[in-house]
Amino acid sequence: MLRWYLVHTKPSREALAEENLRRQGYRVHLPRMVHSVRRRGQWRESIAPLFPRYLFLQLHEGRQALSPVRSSVGVAGIVRFGASYAIVADEIMRELRLREDPETGLHRLSKRPHLTRGAAVHITTGPFEGLEGVFEREAGCDRVVVLLNLLGQDAQVRVHADFVLPGYAA
């Protein structure tokens with residue numbers, strides 16, 4: 001019987017644990033996400049584990065043992081509830097995989113508020129910092145189009161979506 005288990009890794013050693021467990025013949029899933037980080041004043045995309053210090057391991061009970069997992073490089077232990085190992089439902093694993101980008105296998109999390117066309121917005125960073133505008137539409141996965149009144153005329157400008165927050169209508 002195939003079951004998914006939750007493996008607790010050592011700090012920042014998820015990829016190392018994943019590699020070592022795969023070498024031992026285990027099926028492993030380490031969900032990763034893309035997120036924006038600001039380094040030296042510039043926004044860059046970074047890839048990080050979706051669940052820091054955790055990965056999923058599928059085990060064929062009766063054919064594979066859990067004991068080698070505990071002593072694998074990068075592994076801190078296997079998650080337990082009392083004396084029982086934590087078993088992750090197949091449905092949860094299926095949902096995790098469905099939410100991944102089909103091309104890259106990465107998750108994209110959005111902490112941005114959902115904006116509707118015509119909503120008042122406030123630009124928080126960049127050359128238009130402090131200006132109020134009107135949300136027009138999304139322009140790709142990281143940019144949005146905002147209508148700004150510049151020099152008495154409405155102009156469409158593209159800005160990074162993280163720089164836009166819901167504003168207050170004047």
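These numbers were taken from a predicted model, which means no experiment stands behind them. Numbering of residues begins at 1 and proceeds along the displayed sequence.
- Of the residues listed (E138, R158, R117), the one engaging V145 in a side-chain contact (heavy atoms from CB on, under 4.5 Å) is R158, and it is the only one.
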### Task
Output, in order, the C-alpha distance, side-chain angles, deciding distance and verdict of side-chain contact (heavy atoms from CB on, under 4.5 Å) for I123 and L148.
CA-CA 10 Å; I123 300 178; L148 293 178; 4.0 Å; yes

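- Here the CZ atom belonging to R99 is positioned 9.0 Å from the NE2 atom belonging to H107, to the nearest 0.5 angstrom.
- Hydrophobic clustering (side-chain heavy atoms under 4.5 Å, transitive across Ile, Leu, Val, Met, Phe, Trp, Tyr) groups L131 together with V157.
- Among all heavy-atom pairs drawn from H60 and L2, the shortest one is CD2-CD2, 3.6 Å.
- Cluster annotation: V88 is not connected to L57 through the hydrophobic network of ILVMFWY side chains, with a link wherever side-chain heavy atoms come within less than 4.5 Å.
- Hydrophobic clustering (ILVMFWY, side-chain heavy atoms < 4.5 Å, transitive): Y85 and F56 are in distinct clusters.
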Compile the donor-acceptor pairs under 3.5 Å between side chains in residues 4-15 and protein atoms, sequence neighbours left out, one pair per line.
from	atom 1	to	atom 2	distance (Å)
Y5	OH	E61	OE2	2.5
T9	OG1	R53	O	3.3
E14	OE2	R53	N	2.6

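- If you take CD on E129 and OG1 on T124, they are separated by 7.0 Å, rounding to the nearest 0.5 Å.
- Looking only at side-chain heavy atoms (C-beta outward), H160 and R143 come within less than 4.5 Å of each other.
- You'll find the side chain of R32 reaches within 4.5 Å of the side chain of L106, heavy atoms only.
- Under the 4.5 Å side-chain criterion, counting only non-hydrogen atoms from C-beta, L50 is in contact with L96.
- In E95, the CD atom is crowded: over 12 heavy atoms of neighbouring residues, nucleotides or ligands sit closer than 6.0 Å.
- In terms of heavy-atom proximity, P49 sits nearest to P52 at O-CD, 3.9 Å.
- Contact between S72 and Q24 at its shortest, heavy atoms only, is OG-NE2, 2.7 Å.
- In terms of heavy-atom proximity, L21 sits nearest to V75 at CD1-CG2, 4.2 Å.
- Linking Ile, Leu, Val, Met, Phe, Trp and Tyr residues whenever their side-chain heavy atoms come within less than 4.5 Å places F135 and F128 in a single cluster.
- For the atom pair E132 CD and L147 CG, the distance stands at 13.5 Å (nearest 0.5 Å).
- Around CG of L98, the count of heavy atoms belonging to other residues, nucleotides or ligands within 6.0 Å exceeds 12.
- Atoms CD and CD, on Q156 and E136 in that order, are 5.0 Å from each other to the nearest 0.5 Å.
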### Message
Is there a side-chain contact (heavy atoms from CB on, under 4.5 Å) between E19 and V28? Walk through the geometry before answering.
### Response
CA-CA 9 Å; E19 180 183 334; V28 181; over 6 Å; no

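- Minimum interatomic distance between L150 and A155 (heavy atoms only, all atoms of both residues): CD1-CB, 4.1 Å.
- Atom-to-atom distance recorded for F81:CZ and I87:CD1 is 10.5 Å, nearest 0.5 angstrom.
- When the side chains of ILVMFWY residues are joined at heavy-atom separations under 4.5 Å, either directly or via intervening members, L30 and I78 end up in a single hydrophobic cluster.
- Distance CG/L55 to CD/E18: 7.0 Å, rounded to 0.5 Å.
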### Message
Checking R97 against E100 for the salt bridge (Lys or Arg N to Asp or Glu O under 4.0 Å) test, could you report, in this order, the C-alpha distance in whole Å, the side-chain angles of both residues, the deciding distance, and whether it holds?
### Response
CA-CA 5 Å; R97 289 181 187 246; E100 292 175 351; 5.6 Å; no

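- Contact annotation: the side chain of Y26 approaches that of P68 to within less than 4.5 Å [non-hydrogen atoms, C-beta and beyond].
- Annotation: side chain of F51 is in contact with side chain of P31 (closest heavy-atom distance under 4.5 Å).
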